[in-house]
Amino acid sequence: MKYEILYRYGAEQLRQANIPEADLDARLLLEAVCHTDRNALLVHGDRGVERGQEEQYREWIETRKSHVPLQYITGSQEFMGLPFQVSEHVLIPRQDTEILVEEVMRELHDGMTVLDMCTGSGCILLSLLHYSNHCRGVGVDISKEALQIARENAASLSLEAVFTESDLFAGLEENVKFDILVSNPPYIASSEIPGLMEEVRCHEPLIALDGKEDGLYFYRRISREAKPFFYRGASLYFEIGWDQGEAVSLILEQEGYREIQVVKDFAGLDRVVKCIFWEENHV
Ligand code: GLN
């Protein structure tokens, strides 16, 4: 079948199933199947698609119709200009999270040690390591399956990082210390989960989204339990939900952190909170 006709079929199927961005998803799925890019549709629409690829495409369209996110079908998502492998065991890297990485990069110097708490696919830690020199990175997650993906991402990007299975800090060696702690923890209040779009609610890992009662559970625990793992003057960076800037700042203030700042994303919404760890008697 001709490329363009197959594309039209896919787009129509997705439209009928009320998939948001039906045309875009139909095109991206076809490109992933045929290893083509945008030009294929623009200038080579009448090229033929092999039978096997056509079958694969029809299958993927069916899967997308049941609201499985595009990235879980193709198995990848770009983040900070780098390709990351994803599966249903990890949150799909969000563009908003690039703000978090960019904030860390302002302070990240060669040779620093970075801890990424709740690392998931590893996209935050691995981007930081890719764009710096001689930094030591540790990624922690409670999910074995997520860590497997993170390790594969490190390998395919030729980066070295340590990925540790641990319930927050419980499994970390006692005397390792870090210059930077970055985290995009689960932060959706449990009561808000039923209102999320089907793609997120039914397919992304709940364990990566659910911030318990008020969505702030992990900010409280991380800011309290991180202290023994900081060098004095270390920086802490959290991604937050748009309405959590004040509440997370207050938690950090109560835990004694300094220079607490909220950073907005491109939509003008609160997205990151950063601060400094400084206790007089801490070495
Ligand atoms: N930003 C994500 C979402 O809107 C949530 C990420 C998280 O809980 N860390 O689905």
Side-chain angles (χ1 to χ4, degrees), residues 19-21 25 67-73 77-80 84 86-104 114-128 139-143 145-147 149-150 153 163 166-169 181-223 225-226 236-249 251-252 262-274:
I19 299 300
E21 312 236 43
D25 282 13
H67 292 269
V68 175
L70 177 93
Q71 295 88 339
Y72 290 149
I73 302 175
Q77 169 66 39
E78 196 182 282
F79 180 79
M80 293 300 294
F84 286 92
V86 295
S87 79
E88 300 211 0
H89 295 294
V90 299
L91 212 63
I92 298 164
R94 310 284 205 260
Q95 212 173 359
D96 290 328
T97 304
E98 294 186 350
I99 308 274
L100 177 68
V101 173
E102 283 162 8
E103 276 308 312
V104 177
V114 183
L115 173 62
D116 178 11
M117 185 50 79
C118 312
T119 193
S121 65
C123 67
I124 297 170
L125 182 69
L126 295 172
S127 307
L128 291 169
V140 170
D141 208 285
I142 196 169
S143 158
E145 292 84 3
L147 290 166
I149 301 276
N153 280 322
F163 287 103
S166 167
D167 182 0
L168 299 183
F169 298 90
L181 191 161
V182 60
S183 181
N184 175 17
Y187 61 66
I188 314 271
S190 304
S191 59
E192 285 173 23
I193 304 258
L196 299 176
M197 62 192 286
E198 190 174 335
E199 275 76 357
V200 180
R201 176 168 43 88
C202 299
H203 298 284
E204 297 209 70
L206 186 63
I207 191 182
L209 295 165
D210 191 346
K212 309 210 190 229
E213 235 158 84
D214 59 358
L216 302 171
Y217 175 85
F218 291 96
Y219 300 118
R220 290 195 189 92
R221 279 199 58 195
I222 294 171
S223 54
E225 295 172 27
L236 168 60
Y237 299 80
F238 279 134
E239 176 170 321
I240 56 162
W242 63 275
D243 56 352
Q244 293 174 324
E246 236 172 83
V248 174
S249 299
I251 291 170
L252 291 166
V262 179
V263 181
K264 291 186 187 303
D265 61 21
F266 294 122
L269 302 171
D270 291 352
R271 179 57 61 187
V272 169
V273 181
K274 59 178 182 177

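First listed ligand is number 1; within each ligand, the first listed atom is number 1. The figures here come from the full heavy-atom set of this structure, side chains too, leaving out hydrogens, waters and symmetry mates.
Inspection of the Asp141 and Thr119 side chains reveals no N or O donor paired with an N or O acceptor under 3.5 Å.
A 4.5 Å side-chain heavy-atom check between Arg94 and Ile92 finds at least one atom pair inside the cut-off.
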Pairs under 3.5 Å, N/O atoms on ligand 1 and on the protein: can you put them in a table with the distances?
{"residue": "ligand 1", "atom": "1 (N)", "partner": "Tyr187", "partner atom": "OH", "Å": "3.0"}
{"residue": "ligand 1", "atom": "8 (O)", "partner": "Tyr187", "partner atom": "N", "Å": "3.0"}
{"residue": "ligand 1", "atom": "9 (N)", "partner": "Asn184", "partner atom": "OD1", "Å": "2.8"}
{"residue": "ligand 1", "atom": "9 (N)", "partner": "Pro185", "partner atom": "O", "Å": "2.7"}
{"residue": "ligand 1", "atom": "10 (O)", "partner": "Arg94", "partner atom": "NH2", "Å": "2.8"}

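Here the straight-line distance linking atom CD1 of Ile19 with atom CD of Glu21 works out to 11.5 Å at 0.5 Å rounding.
Residues passing the side-chain hydrogen bond (donor to acceptor under 3.5 Å, both in side chains) test with His89: none are found, sequence neighbours excluded.
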Passes side chain to side chain contact (heavy atoms under 4.5 Å, CB included), Val104 versus Ile124? Steps please. CA-CA 10 Å; Val104 177; Ile124 297 170; 5.9 Å; no
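In this pair, Tyr187 and Tyr219 present their aromatic rings parallel. The plane angle is below 30°, not in the 30 to 60° band.
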